[in-house]
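Step one of this worksheet: look at the structure below.
What you see is a predicted model; the values in this text were computed from it and never measured.
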Amino acid sequence: EVVTEAAFPADELRLERGRLAEHLRMARATPHFPAQEAVRAELYGAHPYGRPTPTEGQVRRCGGAAVQALHRSGFTPGAAQLTVVGDVEPRRTALRLRRAFDGWRGRRGGWRLPAVRHRPGGVITLVDRPEAVQTTCMVAFGAPPLGHPDHIPLLLATAILGGGSPSRLMLNIRERHGYTYNPFAVTDSHLGDTLILAGADVRCEVTAPALTEILYELGRLATSEVGADELEGAQRYLSGTRVIAVQTQAGVAGSLASAALHGQDHRYLETFARRVRDVTAQDLRAVAARYLAPRVAHVVLVGPAEQVAGEVAALGPVVVRRVPARGGPDGAGRSRARG
């Protein structure tokens, strides 16, 4: 009934509007949320991926008619997939599911996603938080989606860069320089695209040297081949995390559903470890040079502009954005470019 006959009572909508608006207000008070918003705005521009969250005002203005219309247009049988994992008899379960959803009607297809086009990088966007005692650094890249031949080599490159304790960012900016406790590099797969993020929270006075080291490690990945031991360690790490992810029924269901969403089937999961092992050091350097070179990076910093802007200007042109009192960074908040 929730799928086929969804209703949105006014009292529940009021409750959810207030809850979401409050969640957004609290999230935007942290440095990571505006950093994530700015990264996506800079990388994706006017594409829906560039506007991942609404403003509080947009949430509070959203009424039941808009929610109902959205459900009718997108939550349709032609756009849906159903994944079942458990001790079931396939034919009998499929028959029961067909009967349960027999009355579900709707147009074929769902929402149309515009083609993803990544904006050129090379500019440092500084979101000003005058009261901050740390700078949140994020370096972002757009990359091909799950299923693309370059996707798995890029997963390995990201793991080598910042996937755990033996990663290059951990050894460099945490162990060697002591700039931060929590450097990271992660991937986020969208339809038609993968977002790759690297970064850390650092003391304001070491923002420029920490960013320099992050860009250095990206450049090293793109210009020199990783050693055999380092590559093998990353391959074990990546294969191991996938094994852990499918240890539960929910994990299997989620992995199958995600693969199907990207046009893959169960064979993607079955062959994942083998394809990870097949990646060579030459493959890894090639994809790093193509997608992770510092010259194409989108750099976003959240911190005190007065203290940070002059220091990082030596690394590239800096655009300072102000955070409005309510809402995230936007074009109106842009001030001057430095450097």
Side-chain angles (χ1 to χ4, degrees), residues 35-36 38-45 47-50 52 113-125 137-164 167-170 172-173 183-200 211-227 230-231 234-235 237-238 241-242 258 262-264 268 272 275-301 315-316:
Q36 293 271 359
V39 158
R40 285 163 170 77
E42 294 301 321
L43 180 60
Y44 297 114
H47 191 277
Y49 290 163
L113 182 70
V116 178
R117 293 183 176 85
H118 301 129
R119 298 177 67 193
V123 174
I124 299 172
T125 300
C137 306
M138 287 192 182
V139 183
F141 304 89
L146 186 151
H148 189 281
D150 290 340
H151 184 73
I152 287 180
L154 279 168
L155 293 181
L156 277 170
T158 305
I160 289 171
L161 180 66
S167 68
R168 291 185 175 186
L169 288 181
M170 187 70 75
N172 183 331
I173 64 174
F184 67 90
V186 295
T187 61
D188 187 4
S189 291
H190 307 137
L191 290 179
D193 160 82
T194 295
L195 171 64
I196 299 178
L197 281 176
L211 179 57
T212 299
E213 295 302 326
I214 294 172
L215 296 174
Y216 163 75
E217 293 296 353
L218 287 162
R220 191 156 70 98
L221 268 179
T223 57
S224 60
E225 293 178 6
V226 301
E230 190 176 23
L231 177 59
Q235 289 167 328
Y237 170 82
L238 196 58
T241 56
R242 180 54 57 94
S258 177
H262 289 86
Q264 307 297 309
Y268 176 82
F272 183 82
R275 287 182 291 140
V276 167
R277 291 194 302 270
D278 288 344
V279 175
T280 67
Q282 293 81 12
D283 296 332
L284 199 148
R285 185 181 66 172
V287 297
R290 191 174 303 132
Y291 304 107
L292 303 181
R295 69 179 183 279
V296 298
H298 290 262
V299 178
V300 169
L301 308 174
L315 301 176

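Scanning both residues, Ser189 and His262, for their nearest heavy atoms gives CB-NE2, 4.1 Å. The heavy-atom pair separating Gly142 from Asp193 by the smallest distance is CA-OD1, 4.2 Å. Listed here is the closest heavy atom pair of Arg168 and Leu221: NH1-CD2, 3.8 Å. Nearest heavy atoms, Pro183 versus Ala200: CA-CB, 3.9 Å. Across every non-hydrogen atom of Arg119 and Ala41, the tightest pair is NH1-O, 3.3 Å. Across all non-hydrogen atoms, the minimal contact from Val226 to Ala281 is O-CB, 3.7 Å.
Proximity of His298 to Val39: side-chain heavy atoms (C-beta onward) are nowhere separated by under 4.5 Å. Here the side chains of Gln36 and Leu197 are in contact, with some heavy-atom distance below 4.5 Å. Using a 4.5 Å cut-off on side-chain heavy atoms (C-beta onward), Ile152 and Val279 make contact. The closest side-chain heavy-atom distance from Arg220 to Asn172 is not below 4.5 Å. A 4.5 Å side-chain heavy-atom check between Leu292 and Leu154 finds at least one atom pair inside the cut-off. Side chains of Thr194 and Tyr291 form no contact here, defined as non-hydrogen atoms less than 4.5 Å apart. Residues Glu42 and Val123 have side chains not in contact (no heavy-atom distance under 4.5 Å, counting atoms from C-beta outward). Two residues are said to be in side-chain contact when any heavy atoms from C-beta on lie closer than 4.5 Å; Pro294 and Val139 fail this criterion.
Formation of a donor-acceptor pair under 3.5 Å by the Arg275 side chain with backbone atoms of Tyr268 is found in this model. Panel note: side chain Glu217, backbone Gly162; no donor-acceptor pair is recorded below 3.5 Å. Within the 3.5 Å criterion, the main-chain N or O of Ala143 finds no donor-acceptor partner in the side chain of His148. His190 contributes no side-chain N or O that, together with a main-chain N or O of Leu195, makes up a donor-acceptor pair within less than 3.5 Å.
Glu225 contributes atom CD, which lies 7.5 Å from atom OG1 of Thr280 (distance to the nearest 0.5 angstrom). To the nearest 0.5 Å, the span separating CG on Leu43 from OG1 on Thr125 amounts to 11.0 Å. Note that the OG1 atom of Thr187 and the CG atom of Leu155 stand 5.0 Å from one another [nearest 0.5 Å]. Within the model, atoms CD1 of Ile160 and CG of Leu284 stand 4.5 Å from one another, a figure rounded to the nearest 0.5 Å. Taken to the nearest 0.5 Å, the CZ atom of Phe184 stands 10.0 Å off from the CG atom of Leu161. For the atom pair CD of Gln235 and CZ of Arg277, the computed distance is 8.5 Å after rounding to the nearest 0.5 Å.
Note on ring orientation: taking the six-membered ring where Trp is involved, the planes of Tyr49 and Tyr44 are perpendicular (angle over 60°, cut-offs 30° and 60°).
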